[in-house]
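Quick note on labels: first sequence line is chain A, next is B, and so on, each numbered from 1. This structure is a prediction, so every number in the text was calculated from the model and none was measured.
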Amino acid sequence: MSELASKQIVAQEKVAGPWKEAWRSFRKSKAALFGLAIVTFFIIIAFIGPLVAPFGMNDQVLSNRLQPPSAEHWFGTDDLGRDIFSRVLYGARISLTVGFSAVLLSAVMGSFLGIIAGYYGRWIDTIISRIFDIMLAFPSILLAIAVVSILGPSLQNALIAIAIINVPTFGRLIRSRVLMIKQEEYIVAARAIGMKNSRILWNHILPNSMTPVIVQGTLAIATAIIEAAALGFLGLGAVAPQAEWGKMLADARVYFINAPWAMVFPGISIMLTVIGFNLMGDGLRDALDPKMKN
Amino acid sequence: MLHYIGKRLLHLIPVLLGMTFVVFLIIRAIPGDPAQVILGQQATEQAMAALRAKLGLDNPWYVQYFEYLKGLLTGDLGESLRTAQAISSEVWPYLAATFELAIFAMILAVIIGMNAGIISAWFQNSWFDYVAMIIALIGVSMPIFWLGLLEQWVFSINLGWLPTSGREEVRDPINAITNFYLIDTLIQGRFDQFVVAIKHLILPGIALATIPTAIIARMTRSSMLEVMRSDYVRTARAKGQKMFIVIYKHALKNALIPVLTVIGLQLGMLLGGAILTETIFSWPGIGRYIYEAIGYRDYPVIQSGILIVAFIFVMINLIVDILYTVIDSRIKYN
C-alpha cells in the first residue's frame, strides 16, 4: 500500500460520521443530557415497572381507601384502596406507549404524504397541502375531540386521534425538506441516469429528510403524552380501570380535597416525562439541525 | 396590501369549506347507525326514524352536505338535541365567557411573559435568567388541567382566597347585558360584583395563561438578545442613555415583531386550552359547552361548537398574518 493511500485511510478514520458528530454536540449540552436521563429513567420504568410494582395495577383493598403516603404505600392510595405508586409505574408504560406509537404513526403518515407532495408537486401537492391547511385550521385538542367523537372514547382511539392531528406537522416539515433536496445535483443525476422515482424516493430522498423528523418526533412525543393525558382527563381516552396518568388525574379530581396526593404524583410524572422529552428534543435539534431553531 | 389581503381571503375559502366538511363528517362517519349511537341501545325504531329525518340523515351525503352549508350561510347552526334550542341563539353567552377568560389570560401572559423575557435578556446568565427560564420550561411542560387542580387545592381549599369554580356567586347572580361580566358589572355600577367576577377569573386565567406566558417569555428573551447586540443599541448605550431607556424605548420596539406573532398565535391556541380549563373550573364557556355536549351525545352542538372555535382560530391567525406584514414592512406581500 502506498504512503498516500495509508494517509487517506487514517484521515478517513479521524473524520467522525454525522451521527458521532451530533452525539459529540449533544453531549456538550447539560440540559439535553438531563433530558436524556429523565427519558431513559421513564423508559426503564415502562419496561420494568410492572415487575417492581409492590401491588397490582387494580388490587383493591377497600379498607385502605384514601390513605396518605406511608412506608407501605409510598404515594398513598386512591378511593378504591389501590396503591398509587404501583399505578404510576404501570401508567408509565401506557403513557409512553401512546406517546411513541402516536408519534411513530403520524411521522410515517406525515412523511409519506409530505414526500409525495414535495416530490411530485402539481395537483398532488395542492391537494395534500390543502388537507394539511384544513387540519391545521383546528386547535389540535379540538380536532382530537372530533376524531374521538367519531370513533368513540378509548385509549386506542385516543392514540389514533393524536396520530392524526400530528400528521400535518410532519407532512409540512418533510415537504419543505423534499422541495429543497430534489434540486440537489445528486437527485438530478439520479434522474438523468434513468433511476425510477420509487428508488430515488426510497434510497435518496427519504434518508436525507429524516433529520428534522427525528427532532420533531422527540418534541412531538412530549406533546402527545400531554394530549393523551388531556383526552384521558376529559373521559375521551383511557377508560377505567386503566392506570393512564390523565385518567388517574380525572379520577382524583372527585376526591382531591380529602386526598391531594392522588393528583400530585400522576401530575408530576406527566410533567417530568414531558420536560425530559422537551430538553432532549431541544438538544437533538441543536445537534442535528440547528436551522430548525428559527 | 389590499391585493395581499384579497389573496389571503381567497386562500381561506377552501380551508373554510374543508373545515365545514370535517365537522359535517362528525355525525356521518360514526360507525353504525348515528341515530342509534345518539339515542342509545334502548331507542325505539320510531324515535330513531324521527331523529334521522330531523338530522337529514336519510338523504345522500352530498345533499346533506349542501343542506348543511346552506344552513350555515344563513346562520343556522342546527338545534341542540338536549335543550331543543337553536344553537345560534344559545351560544353567545358561552362564547362571551370564553372570550373574557381568554383575553384576561392573554393580558396576564403578555405582561408577565414579556417582562420576564426582557429582564432575562437584560441580565443574561444571572440567577433571575436561570430561574425564569426554568419556570418557563416547567410552564410549557405542565399539563394545564393538573395546574388547575393544584391551584384549586392551594388557593381555594387550603387558603380560601379565591373561589373554586364558576363565574359568579350563586346567591348574587350577575345581570347579563353583554355577557362580559367585567363590563356588565361596571355598566350597572356593581363594583362588589366586579370584584367577585375578577376573583372568579384569577385561577382559570392563570391556568390558561401558563403556556402562553412561558412561550412569550422565551421568545422575548431570544428576540431581545438578538436586538441588544445591534449597533444602534450599542450607540445608545455609548451616548450614556440609561439601560432602562435603551431597553424599553429602543430595543423593545424592534424585538417586538416576532413576539407579536407569537402573541397572536397563542391567542388562537388559548381557545383550544379553554376546553380543559373550563372543564376544571366549571367555567360556562364554549369549551364546557362542547364538553357537556359530548357527555349527552349532542352531536349538533359538538359540530357547531368545534366549527365556531375553528373559525375564530382561523380568523385570528389571518389577522395576525396581516398585522405582521403591516408592522414589518420588510415582509413582502406575496
Side-chain angles (χ1 to χ4, degrees), chain A residues 31 35 126-127 130-131 133-153 222-223 225-227 229-236 245-246 249-250 252-253 256-258 260 262-264 266-279 282 293-294, chain B residues 11-12 14-19 21-23 25-31 37 137-138 140-150 152-154 156-158 164 222 268-276 279-280 287 290-291 293-295 297 299 302-303 305-307 309-311 313-314 317:
Chain A
T126 309
I127 291 176
R130 284 301 84 79
I131 292 173
D133 285 348
I134 291 163
M135 291 173 78
L136 288 169
F138 292 89
S140 55
I141 190 79
L142 270 192
L143 190 58
I145 288 173
V147 175
V148 178
S149 308
I150 296 169
L151 301 174
T223 324
I225 288 172
I226 288 198
E227 281 159 351
L231 288 175
F233 185 78
L234 290 171
L236 299 171
W245 291 335
L249 280 178
R253 199 180 149 212
F256 81 94
I257 296 172
N258 301 320
M263 64 146 180
V264 168
I268 289 177
S269 308
I270 299 172
M271 191 180 73
L272 279 180
T273 318
V274 173
I275 286 180
F277 278 105
N278 276 336
L279 288 176
D282 285 348
K293 204 170 187 172
N294 304 319
Chain B
H11 180 77
L12 207 61
V15 174
L16 290 176
L17 277 173
M19 273 165 50
F21 192 67
V22 171
V23 167
L25 280 180
I26 290 179
I27 289 187
R28 278 77 188 177
I30 295 172
V37 173
L137 174 69
I138 293 172
V140 289
S141 309
M142 196 181 230
I144 54 171
F145 44 94
W146 182 54
L147 176 65
L149 290 176
L150 288 177
Q152 284 180 329
W153 181 55
V154 175
S156 302
I157 291 156
N158 282 321
T164 330
S222 66
M269 299 306 284
L270 281 184
L271 296 170
I275 192 162
L276 291 159
T279 306
I280 297 158
I290 297 170
Y291 175 71
I294 294 169
R297 291 186 217 152
Y299 278 88
I302 301 174
Q303 281 183 305
I306 291 177
L307 188 64
V309 176
F311 181 74
F313 183 64
V314 168
N317 287 344

task = Answer with side chain, backbone, both or neither: which region of B:Leu147 has an atom nearer than 4.5 Å to a non-hydrogen atom of chain A?
result = neither

query = Among B:Leu150, B:Leu271, B:Ile302, B:Ile144, which has the most heavy-atom pairs under 4.5 Å with chain A?
reply = B:Leu150

inquiry  = Please classify the contact of A:Ile131 with chain B as side chain, backbone, both or neither, using a heavy-atom distance under 4.5 Å.
reply    = neither

query = For B:Ile280, is it the side chain, the backbone, both, or neither that has a heavy atom closer than 4.5 Å to a heavy atom of chain A?
reply = both

task = Counting only heavy atoms closer than 4.5 Å, note whether A:Leu279 contacts chain B via side chain, backbone, both or neither.
result = side chain

task = Please state whether the side chain, the backbone, both or neither of B:Tyr299 comes within less than 4.5 Å of a heavy atom of chain A.
result = side chain

inquiry  = Heavy-atom cut-off 4.5 Å, strictly under: side chain, backbone, both or neither for B:Leu149 against chain A?
reply    = both

remark   = chain B shares the most heavy-atom pairs under 4.5 Å, among A:Leu236, A:Leu142, A:Ile225, with A:Leu142

ask   = Shortest non-hydrogen contact from B:Ile26 to A:Ile150?
value = O-CG1, 3.5 Å

message = For a 4.5 angstrom cut-off between non-hydrogen side-chain atoms, does A:Phe277 reach A:Thr223?
response = no

query = How far apart are the closest heavy atoms of A:Pro139 and B:Val309, and which atoms are they?
reply = CG-CG1, 4.0 Å

Segment of B:Val22 engaging chain A (4.5 angstrom heavy-atom cut-off) = side chain

Contacting region of A:Ala137 [heavy-atom separation from chain B under 4.5 Å] = both

inquiry  = Tell me whether B:Trp146 contacts the main-chain N or O of A:Met263 through its side chain, where contact means a donor paired with an acceptor under 3.5 Å.
reply    = yes

request  = Locate the shortest heavy-atom distance separating A:Ile270 from B:Pro143; write the atom from each residue and the value.
outcome  = CG2-CG, 3.5 Å

remark   = Ranking A:Leu143, A:Leu151, A:Leu272, A:Ile268 by heavy-atom pairs under 4.5 Å to chain B gives rank one to A:Ile268

ask   = Does the side chain of A:Arg253 reach to within under 4.5 Å of the side chain of A:Phe233, using non-hydrogen atoms?
value = yes

query = Hey, are the side chains of B:Leu16 and B:Phe21 touching, using non-hydrogen atoms and a 4.5 Å cut-off?
reply = no

Any A:Phe138 side-chain heavy atom under 4.5 Å of B:Phe313 side chain = no

inquiry  = Below 4.5 Å, heavy-atom pairs only: which of A:Ala252, A:Pro260, A:Pro153, A:Ala146 has the largest tally toward chain B?
reply    = A:Pro260

query = Can you tell which of A:Thr273, A:Ile275, A:Asp133 has the highest number of heavy-atom pairs within less than 4.5 Å of chain B?
reply = A:Ile275

ask   = Going from CD1 on B:Ile306 to CD1 on A:Ile145, what distance comes out if it is rounded to the nearest 0.5 angstrom?
value = 6.5 Å

